[in-house]
Every structure is written in structure tokens, then in C-alpha cells.
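Worksheet: the structure to be examined is printed underneath.
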Protein chains: 2
Amino acid sequence: VIELEGVRKVYNSGPTRVEALRGVDLRVRRGEFLMIVGPSGSGKSTLLHIMGALDTPTSGRVKVAGREISNLSDRELARIRNRYVGFVFQEFNLIETLTVLENVMFPMALADGEDEERAKRLLLKVGLSEEHFDKFPNQLSGGERQRVAIARALANDPEVILADEPTGQLDTKNSHRIMEVFKSLNEDGRTIVMVTHDLSLTRWADRVVVLRDGKIVEEGSPDEV
Amino acid sequence: VIELEGVRKVYNSGPTRVEALRGVDLRVRRGEFLMIVGPSGSGKSTLLHIMGALDTPTSGRVKVAGREISNLSDRELARIRNRYVGFVFQEFNLIETLTVLENVMFPMALADGEDEERAKRLLLKVGLSEEHFDKFPNQLSGGERQRVAIARALANDPEVILADEPTGQLDTKNSHRIMEVFKSLNEDGRTIVMVTHDLSLTRWADRVVVLRDGKIVEEGSPDEV
Ligand SMILES: Nc1ncnc2c1ncn2[C@@H]1O[C@H](COP(=O)(O)OP(=O)(O)OP(=O)(O)O)[C@@H](O)[C@H]1O
Ligand SMILES: Nc1ncnc2c1ncn2[C@@H]1O[C@H](COP(=O)(O)OP(=O)(O)OP(=O)(O)O)[C@@H](O)[C@H]1O
Ligand SMILES: [Mg+2]
Ligand SMILES: [Mg+2]
């Protein structure tokens, strides 16, 4: 469902030239629960952004749903991102001027119709409660904001979920709750690609890929890696 | 060095009234390494902000270095915050228009003189390297930004370090490196209060306090709690 071939990413901004990805080959199978682990600065977020068509590689090929995204128009790319892929950002990316409920409903407005009930169900599923629905992001704790970002990524019931460190700000119980949500979506056939530095979570995945200095250095089942 | 008595914090903004802290009594001893753990939304950040004189309680008393902070002028409060307390925020709070090096040197300018060498040493100590010094925060990975925020909190060699989830975005090796930095500062006599949801880190502390729904429910040595 997502294929990367020889993907390189070079950041050439300001004083330094950083090779964040140095030739990554990766095929994500439909319905797979894939985990990407690796040290801070190894290129995980860069890889996930390219997989979600939020960024383009410096060289190499990227196919999403069998189509090469470098050939797609901006409009087609946006359609893939809104309908097909749900993205949980490492920095949450909530809209500060919208309430919790409005943040989760926002992607729905881009697709078709609205569904306040559906948004509320998603917020309860990630462990939030009614008292949070009408709050603004700056009135929430770190872990509460993170869970709103997860609910928002699921708003459009995407086929592919790309999650960047979705449990970074959560305690054990809430981390477990989020992993249960991802697992049940995966059992319904959704493809999940999750970046994490918490190695205790790898057991939830089908396959683990280890990234180091912009290259995949290891790959296998959770207990092999 | 920090004393809280009967501290309550109520957020009365917008649609809901949230009692984030419901009567907290806590005495932090000089040179102690104290860890505060608890679920997402339990009041940890609120507690740390009040301990660092960044926020005031709704009721209750707060003493820092033996002085009641409710009696202090804004100027005296700012002086305590700049000279005495180093704060690592959960959301990093880096200044986007300054480079990494300028961010770490920024608090130094508020105190006396500047020390570029010192700032560079702190950045190397938290595991960053020269290639990062002249970058802007949006050119860094999540874990790299977090480490700049830690270096900045240590810029003024504060006596008390308040750190809110300082390893949330870091892999095991970099988490360990940060804990080593805190431990060595603690052995030099600095007082450290750290909030974390990573229970595997409690072994580094002298004492652990468990917060739940705005109240301290448990307290003891790492292996007791
Ligand atoms: N500005 C605010 N206005 C209203 N409610 C707030 C505000 N800031 C925090 N809260 C609420 O107070 C409670 C405690 O928040 P706090 O940020 O202290 O929790 P926390 O323990 O740090 O959580 P986390 O582990 O998720 O960071 C939460 O339920 C949160 O929704
Ligand atoms: N906009 C940018 N300009 C320059 N360099 C960048 C930019 N974004 C990222 N980098 C660099 O590319 C490398 C990879 O960054 P990336 O964010 O993908 O890492 P990561 O594995 O997600 O790290 P973390 O676990 O800390 O979030 C880092 O060394 C970072 O400094
Ligand atoms: Mg990242
Ligand atoms: Mg917090």
C-alpha cells in the first residue's frame, strides 16, 4: 500500500547539509502493523512525512496505493492525504483557535458531511471525557492534547494511519489504551505505521524496522529485532 | 528549598471548572532528587509551574528558598526564576527566531555576561553536536529540540532544576544520557524535581511522589512506590 525505493532526503537549509535519509527501501503491506524505531535524529519523522505525501524525497520513488506520488497534482496529493491517510504528528499540530471537538471534526469538513457524534465517540475512545470537548488546546495537559491529535487523525476513518510517537506524552495506562485503539483498527483491516522510541511497544506490531542515521539497519518480527 | 502547603489550583476558564490541584503539601529538601509521577491530566505540570513561580495557586502557600512567593514583586519573582530555577517545559518553549546556540545563551543574557563556550559545552553534554548549533528549532527533530530545551534550562547553572517530562521524545540511549546529566548536577548539590510518566526512570531519584487527580496519593523511595 506504500512503497519506497531508494528514498533519499537531504535538508539543505542554512549552515548545514543534513542527509536525513540515505537510501531507504521499504514496502508496507496492506493491513500490516509496522513499527519504525531508532535513535533521536535518525530520520523517523522525515521517513513518515514522505510516506504520508507531506514531503517529497530528494531522490527515489514513493508509491501510495500503487500510484507514484511524484506524478500527482497538488490536488490529488491533498485528496490522498485527507481521505486515505490519517496523520498523528509528533508535535500534535492542533488548531489553537478551535475547540477539542472542532479540531476532531475539522478533517471531516474537508471530506463530506459532518458528524459530531462520531467525533465525540473518537474522543471518548482515546480516554478523554465530555469536560474536554469544548476546551481549547491550551487548556489541556500535554497528554490530553496528544490524544486529541490521535482522535483527529482517525476522524476520516482512513485506510492508512501514520503515527509519529503517539504515546510520547502518555502514562502507561493511556499508552495501553491508544495501542488497543490502533490494534482494533488494524484488525479491521487498516494499515498502521507507527514511529516510537518506546521499545516496550514493539510487541503490538507485526513487523519492526530499525532506522539509524537515515538507513534501515534491521528488520524483523518484534522478538527478533 | 521549596515548600507547598495546602496548594489548590482551579482553572475557571470557559465552559468548565477544573480542580487541577486539590490540596497539595510537599517539602522539597535542598539537594534532593525528587520525581513526580502520575497519569495524564493528574496535575503534574500545574504543580511544577507553581513550584517554579510560573503560576500562582488558587489557595495555599508556596515558599521558595524560604520566602513566600505570593508576597514577592514581579521583579523579584523574575529574578528567582532566572537565577535560581532552571525550567524544562513539556512543550520545549524554544524561541523559533533564534538559533540553537542563541536559545541556550538567551537566559545568560538576562543574568550577567555571556558565555558562548559554556553554551556549547552544555549542548555537547546533552548529546547534540556542532552541526546543530546554528540551526533553527524548526530544523531539528523532536528529540533534538527537547535536548536544546534541557541545555537552555541549565544555562544559568541554577540551584533548582524543574524538568517536565524531559525524556518524552528521547530514545533509551539519549534518555540515559540526560539522566546522567541530572544525576551529576544533583551530586554537585543541585536540587532536581522531575515530572515523568516513564516509571523505569524512578530508580534515579531519591524520592518519588505519586499524583492522582490533583492529590498526592503515595510517597516513598523508588522501590517502595
Ligand atoms: N489552562 C487551563 N484551563 C483549563 N484546564 C486546564 C488548563 N491547564 C490544565 N488544565 C486541566 O488541568 C488538569 C491537569 O493538567 P496538567 O497539565 O497539570 O496535567 P499533567 O499531569 O501534566 O498531564 P500530562 O501528563 O498529560 O502532561 C487537566 O485535566 C487539564 O485538562
Ligand atoms: N527542516 C530541517 N532542516 C534541516 N535539518 C533537519 C530538518 N528537519 C530535520 N532535520 C534533521 O534531519 C535529521 C532527522 O530528523 P528527524 O526529525 O526525521 O529525526 P527523528 O528520527 O524523527 O528524531 P526524533 O526521535 O528526535 O523525533 C535530524 O538530524 C535533524 O536535525
Ligand atoms: Mg521525530
Ligand atoms: Mg504535563
Side-chain angles (χ1 to χ4, degrees), chain A residues 11-18 20 37-46 89-92 99-101 126-147 164-165 167-175 177-178 195-200 210-212, chain B residues 11-18 20 37-46 89-92 99-101 126-147 164-165 167-175 177-178 195-200 210-212:
Chain A
Y11 290 112
N12 239 333
S13 42
T16 45
R17 181 179 178 287
V18 179
V37 300
S40 171
S42 55
K44 304 181 296 296
S45 296
T46 302
F89 290 89
Q90 190 169 0
E91 308 81 23
F92 309 166
T99 67
V100 164
L101 197 55
V126 297
L128 294 171
S129 52
E130 278 193 29
E131 68 183 70
H132 298 109
F133 291 176
D134 296 320
K135 276 189 171 180
F136 291 91
N138 68 352
Q139 294 171 340
L140 298 173
S141 79
E144 290 168 350
R145 280 197 297 273
Q146 183 157 46
R147 286 176 282 161
D164 200 343
E165 307 269 5
T167 64
Q169 299 293 324
L170 299 178
D171 56 277
T172 310
K173 194 172 141 217
N174 280 297
S175 283
R177 178 183 271 140
I178 292 306
V195 162
T196 184
H197 61 261
D198 185 345
L199 299 178
S200 74
V210 182
L211 202 64
R212 190 179 291 277
Chain B
Y11 290 111
N12 239 332
S13 43
T16 46
R17 180 179 179 287
V18 179
V37 300
S40 170
S42 55
K44 303 181 296 297
S45 296
T46 303
F89 290 90
Q90 189 170 1
E91 305 83 23
F92 307 167
T99 67
V100 164
L101 197 55
V126 296
L128 294 171
S129 51
E130 279 193 28
E131 66 182 73
H132 297 109
F133 291 175
D134 296 320
K135 276 188 170 184
F136 290 92
N138 68 353
Q139 295 171 340
L140 298 174
S141 79
E144 289 168 350
R145 281 198 296 272
Q146 183 157 46
R147 285 176 280 161
D164 200 344
E165 307 268 7
T167 64
Q169 298 295 327
L170 300 178
D171 54 308
T172 309
K173 193 171 143 218
N174 281 296
S175 282
R177 178 183 270 140
I178 292 305
V195 162
T196 183
H197 60 259
D198 186 345
L199 299 178
S200 75
V210 183
L211 201 64
R212 191 179 290 278

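In what follows, chains are A, B, ... by sequence order, proteins preceding strands, each numbered from 1.
Here the CD atom belonging to A:Gln90 is positioned 6.5 Å from the CZ atom belonging to B:Arg145, to the nearest 0.5 angstrom.
In terms of modelled atom types and a separation under 3.5 Å, the side chain of B:Asp171 and the main chain of A:Ser40 share a donor-acceptor contact. Checked by atom type and distance alone, the side chain of A:His197 pairs as donor or acceptor with a backbone atom of B:Gly168 at under 3.5 Å.
Using a 4.5 Å cut-off between heavy atoms, B:Glu144 contacts chain A through both its backbone and its side chain. When heavy atoms are compared at a cutoff of 4.5 Å, A:Glu91 approaches chain B solely by way of its side chain, counted from C-beta outward. With a 4.5 Å cut-off on non-hydrogen atoms, B:Gln169 touches chain A through its backbone and its side chain both. Contacts between B:Thr167 and chain A at a heavy-atom distance below 4.5 Å involve the backbone alone (N, CA, C, O). In this structure, chain A has no heavy atom under 4.5 Å from any part of B:Val37.
Among the candidates B:His132, B:Arg147, B:Gln146, B:Lys173, the residue making the largest number of heavy-atom pairs closer than 4.5 Å to chain A is B:Arg147. Between chain B and the residues A:Gly41, A:Gly43, A:Gly38, the most heavy-atom pairs under 4.5 angstrom are made by A:Gly41.
Within the 4.5 Å cutoff, the side chain of A:Val18 has heavy atoms near those of the B:Lys135 side chain.
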